[in-house]
Colleague: 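For reference, the structure I am asking about is given below.
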Amino acid sequence: MTDAPPGSCPATFANEPHVDFSIQANRDAMRSAIERVRQKLGCHCPLVINGNPTETSNRIVSVIPYDFAVEVGTTASAEAAHADQAVEAARAAQRDWSRRPAAERAERLRRLADLMRKEFFELAAWEVFESAKPWREATADVCEAIDFCEYYAQEAQRLASCHGADVPGEENRFVYLPRGIAAVIAPWNFPLAILTGMTAAALATGNAAIMKPAEQSSVIASHLMRLGLEAGIPPGVLHYLPGRGEEVGAALVEHPHVHLIAFTGSRDVGLAIHARAAAVSGRSCKFVKKVIAEMGGKNAIVVDRDADLDEAVAGVVYSAFGFQGQKCSACSRVVVLEDVYDAFLHRLTEATRSLPVGPAEEPATIVSAVIDEEARNRILEYIAIGREEGREVLGVDVGDFAKRGYYVGPHIFADISPEARLAQEEIFGPVLAVLKASDLDEAFRIVNGVDYALTGGIYSRSPAHLDRARREIEVGNLYLNRGITGALVGRQPFGGFKLSGIGSKAGGQDYLLQYVLPKTITENTMRRGFAPPE
Amino acid sequence: MVAASSPPLLPPWEADLRPEQLARIEEATEQIGRELFARFRADRARIWQRRWWDDRIMAWAMRDERLKVELFRFVDVLPMLRSNEEVAGHLLEYLDRVPDALPWWLRGLLRASRNTRVTRALLARAARLASSDFARRFIAGSTTEQVLRSARRARRQKQAFTLDILGEAVISEAEAEAYFRAYVDLIENVAPTVNQWPTVEQLDQDVLGALPRFNLSIKLSALDCHFDAIDPEGVMQRAGERFRQLLRIAKEHQAFINVDMESFDKKDLTLHIFKTILMEDEFRETADVGIVIQCYLKSALHDLHELALWARERGTPVWVRIVKGAYWDYETVHARAEHWPIPVFQQKWQSDATFERATRYVMQHIEYLRPALASHNIRSIAHGLATAQVLDLPASGFEIQMLYGMADVEKRALAERGYRVRVYMPYGELIPGMAYLVRRLLENTSNDSFLRAGLYEQTPVELLLRDPLQVGKQDGNRSRSRRASPAPRG
């Protein structure tokens, strides 16, 4: 079943090219965008309901994670009543939106992509400040947001094309209807891309979308709202409701007229949404709420005894510590075969020790601050646990940086047992557990022995071992001989199973099917023995 | 100030030699090329020589692209394998993927050896022997002592050398420091010995005076574990400081330092560091340094022009190693995967023509740039010799560089004719040497390889000596729809 199909399947979708920072013009563009955005820090973003800016009594303050004395900006904080207003407006507008041709909706999304291209470096600069994303990560996130618009526009048009199975005298058509209103509850770690992806999927298929961005990245989200309206998305079908999850998030999940909840975030919240949506289905609303949830991971990379260590070390370091390890796809365990354990661990430790730590706005930075104080405290707790459970081979001291920002230096713990908390629980920070395996069987047992199944990988040069990995590693995204982060829209549809997610893959061909209701229409075209020609 | 008072230094695409000069160069190129070919074909490998067997094996491996890929993958992983079981296992796994590419006798042999421990061990031994044989052919030794023996042997054959330390990718500060130390040790410990060796007039003198005998090729990316163009200032601080120290030590020991080029993403940064530091007061008069221009790059002539302007302002010339470039596959694949503009020419003749244009340009401006022609392509070399002849450049005013283990016949022939031939000698342990070895194997077996065409396939001399611009015109006329031919090499 998991046999890799032979032959080649060339990519059909052209991704937005990543920024080549070896070109000076690109470096200059990024630097000047950062300076321009610095002038705009301290802005305020009201809610946007039905196109109208709406103030609230409470506000959310967003600060620069690596320099927390500085405010990125504030946003209004939506409450349950605002969710009601947005849903009302969406109900009124969604019907018309759903009846527009798919090509027209697609065209609006392509326009949105173009607007993002125009403001490309500024959008990335906002991410540098609000999410502490280093340059390459920040620009890659904007690329991905553009990709989602283009890809779902293309896919929605494919879904809207003719599907059927006619026979003489009978026309069978298969059409996809929008579900209605989607609540999009997005995370802060890919603040533009994931929010845009879930929103674009809803809009492309004719749904209305109510965006509830993460509190930590609500300022960036306001730019998506602004660009969406500018691209010609009707005000009634796109709303911006920053706020606390427990309040406006919960209100949206339970709302009797919200049909679909698209969520990306933690496992606990994902499961709670799933349970809540199930509990109200059939009670306050006369349909079963659809939940799409992308949750956590405890991703592992196996280093085989014949691995190219240059490549394996670089791949593991970047997968584990890029963006401070705050990706759901990040590597948090590396399972190393006995024969190469010491050699690998030594080079891994030295390479990680050499990672530049600093403010995300500095081009050299690879590890910056984590998102907020809560995250820092949680990660520090895990570091304390790691010291109990294993051998701390590296703990980078961030020195004075910690006084200004939520920094945690990269940490590596060796000789961790597969059952240890460090090897089982998602940490979402720059902490890597190293485990030893005596053979491939044991390595795969360790890899699969967790609650999650999101990403995973192996460095090996044995075709037979790679084939085994294809069959035996249980993850949604498996990477052979490369890092395990950075999935591209269309090229590596992304998402996992077990407790890593409900639903199918973002940026893949099956994704939009979750936002629609399939309907079969059969017409008898025979009248008194007369049928139209085929 | 200098720039303002001196005549304009036109870029290569605006000013070439005069048409009658070009005609004379073309004529002389053909004549020199024919003479060289006649000399090589007399010196062809014989069945009792190792070279003959190497050539046969490579010819066999390149018959089938899929087989080539599997064999190279095997060679690549081999040094990491510890037991005979693992070696045999990998070899069989790789070859099993291309069963129809193997001749019947080999299929039979493999089937037979698959089953018992003893036969698998024999298979493993044979594989190890064959591949270390190839490694020895292209890698001049694993220790400093060994490479010195190779260097000495080369000098006895009237061939100079440049050393290159093969190392793992530098991914930590500790590794960058270790690489730097290795360079320093090499200069401090070996240069004095080499400087005691007897003088070889043909190698150690040029028009301007004595040339360092000890010549080291370095990679700036080995001096910094984050040699990343996203942060030129930071790299400048780290790698730049180490480069300065190497220059100081080299000066002290009369050693020559050549800065090698790697992939395109490092090119501008490498040039930037090279130019910045060598313009500093302390190094402004350092003449024993060189840099590389890769002619498969679309930016090659532009960079060359910039380099000439810079060198004129500096007032002391630098050596320029003109090459075609060894990362063609990587650059093409990487750029296509990223949807970036492809930085390398997609037609081999374009790289060849650029090489020739660059050769003429450097030879026209030897007061700023000193030519080192690095190619195994006889046409490219003959064109260089012809240009020197037409411009009245003495043989010592430029040099020809070739890789260790490749085109040995050419090297001998050129050295006999009195030219300064410098052999690029990589040395080091096998595991870190693999990337280099695989590049060499690819180069020797590429469809567009000059060596392959000239030595294994007996392509007629007229075809091999064609002017690349004519090749381009004919290709263009023949068919515009044909897919771009890959890999300009050799």
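Proteins come first, then strands; the chains are lettered A, B, ... in the order of their sequence lines, and each starts at number 1.
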Colleague: At a heavy-atom distance under 4.5 Å, which candidate from B/Glu173, B/Arg82, B/Glu86 has the highest pair count against chain A?
Modeller: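 That would be B/Arg82.
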Colleague: Please state whether the side chain, the backbone, both or neither of B/Asp76 comes within less than 4.5 Å of a heavy atom of chain A.
Modeller: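 Looking at B/Asp76, backbone and side chain both touch chain A.
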Colleague: What's the spacing between B/Glu93 CD and A/Leu466 CG if we round to 0.5 Å?
Modeller: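 One finds 8.5 Å between CD of B/Glu93 and CG of A/Leu466.
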Colleague: Output the distance between atom NE2 (B/His90) and atom CG (A/Asp306), rounded to the nearest 0.5 Å.
Modeller: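 If I round to the nearest 0.5 Å, the distance is 3.5 Å.
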Colleague: Which answer fits A/Ala307, side chain, backbone, both or neither, if we ask what part of it has an atom under 4.5 Å from a heavy atom of chain B?
Modeller: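 Backbone of A/Ala307 only, per the 4.5 Å heavy-atom cut-off to chain B.
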Colleague: Nearest 0.5 Å, please: how far is CG in A/Leu348 from CD1 in B/Ile171?
Modeller: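 Between B/Ile171 CD1 and A/Leu348 CG, I get 8.5 Å after rounding to 0.5 Å.
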Colleague: Are the side chains of B/Leu81 and A/Arg461 in touch, meaning some heavy atoms are under 4.5 Å apart?
Modeller: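 When only atoms from C-beta onward are counted, A/Arg461 and B/Leu81 do not touch, as no gap falls below 4.5 Å.
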Colleague: Is the number of heavy atoms from other residues, nucleotides or ligands under 6.0 Å of A/Arg117 CZ greater than 12?
Modeller: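 Above 12, so yes.
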Colleague: Is it the backbone or the side chain of A/Val317 that comes under 4.5 Å from a heavy atom of chain B, or both, or neither?
Modeller: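 Neither; nothing under 4.5 Å.
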Colleague: Pick one of side chain, backbone, both or neither for A/Asn26, based on which atoms fall under 4.5 Å of a heavy atom in chain B.
Modeller: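 The answer is neither part of A/Asn26.
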Colleague: Can A/Asn15 and B/His339 be counted as having a side-chain donor-acceptor contact under 3.5 angstrom?
Modeller: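 Their side chains do not contain a donor-acceptor pair, so the 3.5 Å distance test is not met.
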Colleague: Just checking B/Glu241: does its CD atom have more than 12 heavy atoms from other residues, nucleotides or ligands closer to it than 6.0 angstrom?
Modeller: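 Result for CD/B/Glu241: enclosed.
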Colleague: When you measure from the side chain of A/Glu350 to the backbone of B/Ala174, do you find a donor-acceptor pair of N or O atoms at a distance under 3.5 Å?
Modeller: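 Side chain of A/Glu350 to backbone of B/Ala174, a donor-acceptor pair under 3.5 Å: no, none is there.
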Colleague: Please assess A/Asp308 against B/Met80 for the test side chain to side chain contact (heavy atoms under 4.5 Å, CB included), listing each intermediate value before the final yes or no.
Modeller: CA-CA 8 Å; A/Asp308 181 332; B/Met80 275 293 277; over 6 Å; no
Colleague: Using a strict threshold of under 4.0 Å (side-chain N to carboxylate O), is an ion pair present between A/Arg136 and B/Asp228?
Modeller: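 Looking at A/Arg136 together with B/Asp228, the answer is yes, because their closest N to O distance falls below 4.0 Å.
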Colleague: From B/Asp268 CG over to A/Ser22 OG, what is the distance, rounded to the nearest 0.5 angstrom?
Modeller: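 Going from CG on B/Asp268 over to OG on A/Ser22, the span is 6.5 Å.
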Colleague: I'd like to check A/Pro17 versus B/Glu338 (side-chain heavy atoms, cut-off strictly below 4.5 Å). Are they in contact?
Modeller: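 Contact flag for A/Pro17/B/Glu338 side chains = no.
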Colleague: What part of B/Ala337 gets within 4.5 angstrom of chain A, counting heavy atoms only: side chain, backbone, both, or neither?
Modeller: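 For B/Ala337, backbone and side chain are both near chain A.
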Colleague: Verify, without hydrogens or angle tests, whether B/Asp231 (side chain) and A/Pro363 (backbone) share a donor-acceptor contact under 3.5 angstrom.
Modeller: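 The answer is no, because no donor-acceptor pair under 3.5 Å joins these two groups.
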Colleague: At a heavy-atom separation under 4.5 Å, does A/Arg305 approach chain B through its side chain, its backbone, both, or neither?
Modeller: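 A/Arg305 touches chain B through backbone and side-chain heavy atoms alike.
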Colleague: How far does OG of B/Ser172 sit from CZ of A/Arg347, to the nearest 0.5 angstrom?
Modeller: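 Reported value, rounded in 0.5 Å steps: 7.0 Å.
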Colleague: Who wins among B/Ala169, B/Gly89, B/Pro232 for the most heavy-atom pairs under 4.5 Å with chain A?
Modeller: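 When all of B/Ala169, B/Gly89, B/Pro232 are compared, B/Ala169 has the most.
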Colleague: Quick check on B/Pro79 against chain A: is it the side chain, the backbone, both or neither that has a heavy atom closer than 4.5 Å?
Modeller: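 No part of it gets close to chain A.
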Colleague: So does A/Val19 get a backbone contact from the side chain of B/Trp340, meaning a donor-acceptor N/O pair under 3.5 Å?
Modeller: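 A pair under 3.5 Å: no.
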Colleague: Does B/His226 reach the main-chain N or O of A/Ser354 with its side chain, forming a donor-acceptor pair under 3.5 Å?
Modeller: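 Yes, because the side chain of B/His226 sits within donor-acceptor range (under 3.5 Å) of the backbone of A/Ser354.
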Colleague: Do other residues, nucleotides or ligands put more than 12 heavy atoms under 6.0 Å from the NE2 atom of A/His346?
Modeller: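 Result for NE2/A/His346: open.
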Colleague: Can you tell which part of A/Arg27 gets under 4.5 Å to a heavy atom of chain B, answering side chain, backbone, both or neither?
Modeller: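 Just its side chain gets close to chain B.
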Colleague: Given a strict heavy-atom distance threshold of 4.5 Å, which part of A/Leu355 is in contact with chain B: side chain, backbone, both, or neither?
Modeller: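 When you check distances to chain B, atoms from both the backbone and side chain of A/Leu355 fall under 4.5 Å.
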